[in-house]
Amino acid sequence: MLATPPDFDVLIVGAGISGIGMAAHMTMKAPHHSYAIVERRENLGGTWDLFRYPGIRSDSDMHTLGYDFEPWRHEKSIADAPAILDYLNKIVDERGIRENIRFGHKVISADFREDEARWHVEMELDDGSRTRLTANFLYLGSGYYDYDEPHDAGFELDDFEGQVIHPQFWPEDLDYAGKKVVVIGSGATAVTIVPSMADKAAKVTMLQRTPTWMFARPAKDRIANFLRKVLPDSVAYAITRFKNIRMQDYAFKTARNKPQKVKDALYKGIEKALGPGYDRDAFTPPYNPWEQRLCLVPDDDLFEAMKAGKADVVTGHIDKFEANGVRLKSGELLEADIIVTATGLKLAIAGKIAISVNGEAVDFSQRYYYKGCMYSNLPNLAVVFGYINASWTLRADINSDYVCRVLKEMRARGADIANPVLTPEMEANIEEEDIFAGFSSGYLARAKDINPKNATEYPWRLNQEYVLDRKRMANDPVADGILTFTRAGANAQAPEEQLEAAE
């Protein structure tokens with residue numbers, strides 16, 4: 001070990017679900033390692049603090065979007081942002097995490113210097129000044145999308161005389177009472193905004209180019225709420241979590257293996273909500289269920305707004321924007337006082353941080369994922385990219401637990417560096433696969449060129465099977481012959497060069 005230690009053993013980037021989860025896991029499983037969280041915003045919560053649009057809520061149940069170590073106790077399992085922020089704040093306060101968070105620290109660059117076995121991290125403060133910290137290990141809980149700019153759909157809106165809003169930058173003082181609103185998009189954000197604005201607006205229209213598969217479910221999980229009345233919170237939570245994980249897994253696999261069966265079930269649910277005369281075409285995408293993420297409609301809120309005449313869904317292509325609305329290629333004019341462009345997110349890799357090793361920039365598109373947690377030949381760095389087909393936090397939990405195992409292994413071996421080594425010979429035998437194979441969402445397709453490589457076989461892949469991943473990450477040996485453990489200045493490239501663990 002070096003005589004002069006770094007500022008922290010682990011520097012966690014982001015005080016959202018991923019970063020807070022990592023800090024909590026370290027507190028429980030690697031308590032002798034120091035850490036700090038750096039957060040660019042003035043509040044914790046990440047996504048749940050950034051987005052302020054009406055009705056913002058989870059699109060996964062909180063028994064799986066919640067952490068494995070902290071029961072979700074709210075009555076609603078489909079929760080709004082304030083309830084999620086309450087949950088996160090409770091965790092950081094009760095576990096002593098808040099004192100380790102440095103707000104207003106935007107990470108600009110991070111360079112790993114192998115001779116020192118530490119990251120040199122440069123950050124920008126709110127006043128524009130720069131500061132630096134060093135850490136042995138870097139954990140990126142910075143999310144997967146660009147906080148600064150959303151996807152630009154290329155709309156020419158100059159002729160529109162009303163107000164244009166993107167959900168990522170929702171104004172606090174927006175008055176939409178009695179106004180006509182057109183929400184462009186058919187994803188989770190649009191499906192949330194439309195019924196939430198319908199209460200006050202004169203009319204809200206969801207304009208979709210292509211439909212999205214939707215499914216309704218109660219916002220309250222009756223089984224979870226019953227179990228919590230008769231069992232300790234931790235036991236009730238564990239049972240509900242197990243139930244929901246298995247249901248998610250079953251639903252996804254059924255959609256892949258028997259898509260028509262799932263389509264029929266989805267149609268049946270919509271018909272129950274809207275009645276037999278509903279426009280099926282408006283809810284029939286040109287792809288199978290779970291080729292894109294399903295949109296959740298809690299308590300039928302979108303369908304209830306439609307039945308009440310407060311909201312509608314229009315399928316069509318935009319011709320142009322006029323002074324008082326949106327002209328479709330069909331010739332129809334959708335009148336609007338406000339246009340909401342819920343057209344999707346823009347993905348970003350590693351929080352747009354300039355990552356380098358020994359001063360040489362890292363091109364993530366030339367790296368492979370290692371166990372969905374680290375990257376090939378990139379030492380002492382881990383990341384969270386949540387599941388596409390399940391709750392984000394499921395991956396955050398297993399990655400945090402795994403990194404704690406890696407940290408303990410490093411300490412036992414007297415090692416400074418843990419590196420998933422992929423030799424040229426090994427890479428030559430890898431069969432590559434599209435990282436988002438089987439998923440057709442636009443935001444994923446637009447980001448394929450910046451994402452890391454993906455192999456068909458574990459461990460060089462970002463897998464989409466939580467139940468299997470959980471077993472592997474928890475039970476497979478950390479020293480697997482690929483992850484090397486060395487001291488500062490060493491250059492292990494093969495298993496026989498690794499340090500042996502202390503007896």
Can you name the nearest heavy-atom pair linking [X] to [Y], along with the distance?
X      : Y      : answer
Ser77  : Trp72  : CA-NE1, 4.0 Å
Asn399 : Gly372 : ND2-O, 3.0 Å
Pro218 : Asp299 : CA-OD1, 3.3 Å
Phe303 : Ala216 : CE1-CB, 4.2 Å
Trp290 : Ala255 : CD1-CB, 3.8 Å
Val183 : Ala190 : CG1-CB, 3.9 Å

Given 3.5 Å as the limit, does a donor-acceptor pair link the side chain of [X] with the main chain of [Y], or not?
X      : Y      : result
Glu39  : Arg41  : yes
Lys310 : Ala201 : yes
Asn454 : Leu462 : yes
Arg228 : Pro232 : no

Side-chain donor-acceptor pair present, [X], [Y], cut-off under 3.5 Å:
X      : Y      : result
Asn288 : Arg256 : no
Tyr466 : Asp249 : no
Thr192 : Arg57  : yes
Tyr139 : Ser400 : yes
Asn225 : Arg222 : no
Thr47  : Tyr145 : yes
Thr343 : Arg209 : no
His25  : Asp397 : yes
Asp264 : Gln260 : yes
Arg461 : Asn463 : yes

- Go through the steps to decide whether Leu394 and Arg241 satisfy the test side chain to side chain contact (heavy atoms under 4.5 Å, CB included), and finish with yes or no. CA-CA 10 Å; Leu394 295 177; Arg241 187 177 173 87; 3.5 Å; yes
*Salt-bridge test for Lys352 and Glu149: reply yes if a basic N is under 4.0 Å from a carboxylate O, no otherwise.*
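Looking at Glu149 together with Lys352, the answer is no, because their closest N to O distance does not fall below 4.0 Å.
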(message) Could you check whether Arg73 pairs with Asp233 (Lys NZ or Arg NE/NH1/NH2 to Asp/Glu carboxylate O, under 4.0 Å)?
(response)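 Counted as a salt bridge, because a side-chain N and a carboxylate O are separated by less than 4.0 Å.
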Point-to-point distance, once rounded to the nearest 0.5 Å, from [atom1] of [X] to [atom2] of [Y]:
X      : Y      : atom1 : atom2 : result
Tyr402 : Lys371 : OH    : NZ    : 4.0 Å
Arg470 : Ile398 : CZ    : CD1   : 9.0 Å
Lys180 : Thr205 : NZ    : OG1   : 10.0 Å
Ile91  : Glu70  : CD1   : CD    : 4.5 Å
Thr240 : Asp61  : OG1   : CG    : 9.0 Å
Ser376 : Lys453 : OG    : NZ    : 8.0 Å

Exercise. Quick one: is the NZ or CZ of Arg446 closer than 6.0 Å to the six-membered ring centre of Phe436, and within 45° of its axis?
Worked result: no
**Tyr458 six-ring centre to Arg472 NZ/CZ under 6.0 Å and within 45° of normal** =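 Ring-cation test returns yes.
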Are the side chains of [Y] and [X] in contact, using a 4.5 Å heavy-atom criterion?
X      : Y      : answer
Trp460 : Tyr369 : no
Ile388 : Gln464 : yes
Trp213 : Val262 : no
Gln168 : Leu345 : yes
Asp300 : Lys307 : no
Met22  : Ile37  : no
Tyr368 : Pro459 : no
Asp59  : Val191 : no

(request) For the residue pair Phe69 and Tyr67, categorise the inter-ring angle as parallel (less than 30°), tilted (30 to 60°) or perpendicular (more than 60°). (result)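 Judged by the thresholds at 30° and 60°, the geometry between Phe69 and Tyr67 is parallel.
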- Query: Should we count NZ of Lys243 as having more than 12 external heavy atoms under 6.0 Å?
  - Reply: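 Result for NZ/Lys243: enclosed.
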| message | Counting only heavy atoms not in Ile223 (residues, nucleotides, ligands), do more than 12 fall under 6.0 Å from its CD1? | response | no
| request: Please report the C-alpha distance between Leu294 and Leu266 in whole Å, then the side-chain angles of each, then the deciding distance to 0.1 Å, and finally whether the side chain to side chain contact (heavy atoms under 4.5 Å, CB included) criterion is met. | output: CA-CA 10 Å; Leu294 271 63; Leu266 295 174; 4.1 Å; yes
| query | Hey, mind stepping through Asn89 and Arg98 against side chain to side chain contact (heavy atoms under 4.5 Å, CB included) and telling me if it holds? | reply | CA-CA 8 Å; Asn89 275 287; Arg98 190 180 298 276; 2.6 Å; yes
Worked verdict on Trp392 versus Leu65 for side chain to side chain contact (heavy atoms under 4.5 Å, CB included)
CA-CA 6 Å; Trp392 177 276; Leu65 190 60; 4.2 Å; yes
Applying salt bridge (charged side-chain N to carboxylate O under 4.0 Å, His left out) to Glu75 and not counting sequence neighbours gives Lys220
Those residues at least two apart in sequence (or on a different chain) that pass salt bridge (charged side-chain N to carboxylate O under 4.0 Å, His left out) with Asp476 are none
Between Ile101, Ile12, Val13, which is the residue that forms a side chain to side chain contact (heavy atoms under 4.5 Å, CB included) with Val38?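 Exactly one candidate clears the test, Val13.
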**OP:** Mind running salt bridge (charged side-chain N to carboxylate O under 4.0 Å, His left out) on Asp159 and Lys320 for me, showing each step along the way?
**Re:** CA-CA 9 Å; Asp159 291 336; Lys320 59 183 177 179; over 6 Å; no
Does Lys203 form a salt bridge (charged side-chain N to carboxylate O under 4.0 Å, His left out) with Asp312? I'd like the steps, not just the answer. CA-CA 8 Å; Lys203 182 72 172 291; Asp312 61 2; 3.4 Å; yes
